[in-house]
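Taking it in order: structure first as structure tokens, then the write-up.
A quick note: this is a predicted structure, and the numbers were derived from the prediction, not measured.
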Amino acid sequence: MDLESKLSEIGKNLRSSLIRELLKYASVPGSISFGGGVPDPETFPRHELAEIAKEVIEKDYKYTLQYNTTEGDDELAKQMVKLLEKAYGITGIERENLLFTTGSQQALDLIARIFLDKDSICIAEFPVYLGAASAFRINFPKFETIPLQDDGMDVDYLEKKLKELDEKGLVNQVKFIYTVPTFHNPAGVTMSLEKRKRLIELAEKYDILILEDDPYGMLRFEGENLPSLYKLAGPDRVVLLNTFSKILTPGLRLGIIIGRADIVRKATLAKQAADLCSPSLNQRIAARYLERYDLFEQLKPGIELYRKKKNTMIKALEENFSDIPGAKWVNPQGGLFVWVTLPEGFDTMDMFEIAKEKKIYYIPGQAFTVDDSVSTSMRLSFCLPPEEKIIEGVKRLKEVVVKYGKKKGLI
């Protein structure tokens with residue numbers, strides 16, 4: 001059978017995650033990986049979760065070992081309402097405003113299913129989170145990308161782009177503006193309060209939904225907390241996506257959509273078709289954990305660990321890369337990533353071949369484009385390697401850059 005002739009347009013459009021493919025090399029003995037945004041396993045509250053898991057399987061088995069409603073666990077919803085108020089100052093959340101998903105990746109997929117098609121325009125930051133681009137791309141929308149600056153999205157560029165689309169009669173085809181405003185993946189930047197307000201003003205002016213993705217907001221090392229877009233604008237203008245993967249454990253595969261009731265209902269119907277429901281057991285474990293432990297206190301050791309690792313990476317970059325004219329990087333106030341940009345002429349995807357020789361792995365910036373364009377940038381994740389390997393890894397990376405630069409006549 002000729003499979004290609006049988007595939008749908010979506011089936012033909014599927015592509016492998018570049019990150020997943022590149023991370024295969026990370027298991028090579030002696031390698032150091034700055035690749036995936038994988039939390040340090042030592043931050044997982046495994047003993048507490050083990051006790052809770054035993055208890056809810058034995059005592060709540062009629063719920064935890066059974067099918068669940070598509071909307072998810074009401075007990076977890078109660079705890080999520082409390083968490084949203086404590087973490088973001090968000091109030092007024094009702095049960096109908098919440099949908100639990102199988103990881104935040106499913107949340108992105110569901111939003112794409114209910115909003116995007118071939119006639120749609122999707123506005124996203126550049127660089128864009130690969131998981132979001134993959135979820136959106138499958139529905140064949142047209143992308144409009146907005147450059148990132150050190151303080152977040154270039155809202156002047158966004159305003160110009162929206163005006164152009166409006167003049168062409170296309171602004172109604174813009175389904176949403178996707179943004180990771182706090183500790184951006186991959187760029188590490190945080191959108192300023194002024195830009196958050198201007199983004200909301202533009203969304204109001206052109207009647208466009210904002211899709212706010214916030215996986216890392218609770219992982220702040222320094223600086224002051226900024227209000228979420230959802231807090232500033234409310235559910236009529238913003239849908240907020242969140243996840244337990246970075247603040248509890250990714251193994252539970254728990255994400256959440258927070259938004260207007262009718263939007264959440266549409267996403268719920270899409271989820272019914274996708275997987276009926278997320279695992280009851282995982283949700284109840286998370287609910288009991290939030291009920292019994294202060295998440296913010298539990299996060300403090302992990303945040304301190306990541307802060308030290310981040311500072312180690314920044315110091316290593318300063319020591320090794322300061323003599324490369326044009327090289328620059330972002331020093332994030334939180335999250336898990338450092339975004340490094342090399343001088344013009346570098347291609348970090350092409351350079352990856354040399355990185356394999358040196359057994360040092362990163363994610364080329366090309367992975368975070370919507371059109372696979374050449375990039376001089378790369379994402380470095382500091383969350384998993386110990387500090388001594390971060391130092392050694394940056395040294396190896398310098399060797400890679402120098403070898404590639406000399407080979408291409410750039411250094």
Could you tell me whether Lys310 sits above the aromatic face of Phe382, with NZ or CZ closer than 6.0 angstrom to the six-membered ring centre and within 45 degrees of the axis? no
Tell me whether the rings of Phe346 and Tyr404 are parallel (<30°), tilted (30 to 60°) or perpendicular (>60°). tilted
Any side-chain heavy-atom pair of Phe136 and Leu108 under 4.5 Å: yes
Passing candidate, salt bridge (charged side-chain N to carboxylate O under 4.0 Å, His left out) with Asp262, options Arg265, Arg260, Lys266: Arg260
Contacts under 3.5 angstrom, residues 367-375 side chains, donor-acceptor by atom type, not counting sequence neighbours:
unit_1	atom_1	unit_2	atom_2	d
Thr369	OG1	Gln366	O	2.8
Thr369	OG1	Asp372	N	2.9
Thr369	OG1	Ser373	N	3.2
Asp371	OD1	Ser373	N	3.2
Asp371	OD1	Ser373	OG	3.0
Asp372	OD2	Arg15	NH1	3.2
Ser375	OG	Ser377	N	3.0

Shortest non-hydrogen contact from Gly251 toward Asn282: O-ND2, 4.3 Å
Can we call the ring centroids of Tyr178 and Tyr129 under 6.0 Å apart? no
Donor-acceptor contacts under 3.5 Å from residues 389-398 side chains, at least two apart:
unit_1	atom_1	unit_2	atom_2	d
Glu392	OE2	Arg396	NE	3.2
Arg396	NH1	Gly30	O	3.0
Arg396	NH1	Lys358	O	3.4
Arg396	NH1	Lys359	O	3.0
Arg396	NH2	Gly30	O	3.4
Lys398	NZ	Asn320	O	2.6
Lys398	NZ	Asp323	OD1	3.2
Lys398	NZ	Asp323	OD2	3.4

May I ask you to check whether over 12 heavy atoms, not counting those of Asp150, lie within 6.0 Å of atom CG? no
Distance-only side-chain donor-acceptor flag, Ser278 / Lys271, under 3.5 Å: yes
Among Glu212, Glu201, Glu204, which residue satisfies the salt bridge (charged side-chain N to carboxylate O under 4.0 Å, His left out) criterion with Arg237? Glu204
To the closest 0.5 Å, what do you measure between CG (Leu290) and CD (Gln298)? 10.5 Å
Thr64 and Val56 have their tightest heavy-atom pair at OG1-O, 3.1 Å
Could you tabulate the donor-acceptor pairs under 3.5 Å formed by side-chain atoms of residues 224-233, not counting sequence neighbours?
unit_1	atom_1	unit_2	atom_2	d
Asn225	OD1	Arg220	NE	3.1
Ser228	OG	Lys231	N	2.9
Lys231	NZ	Gly89	O	2.7

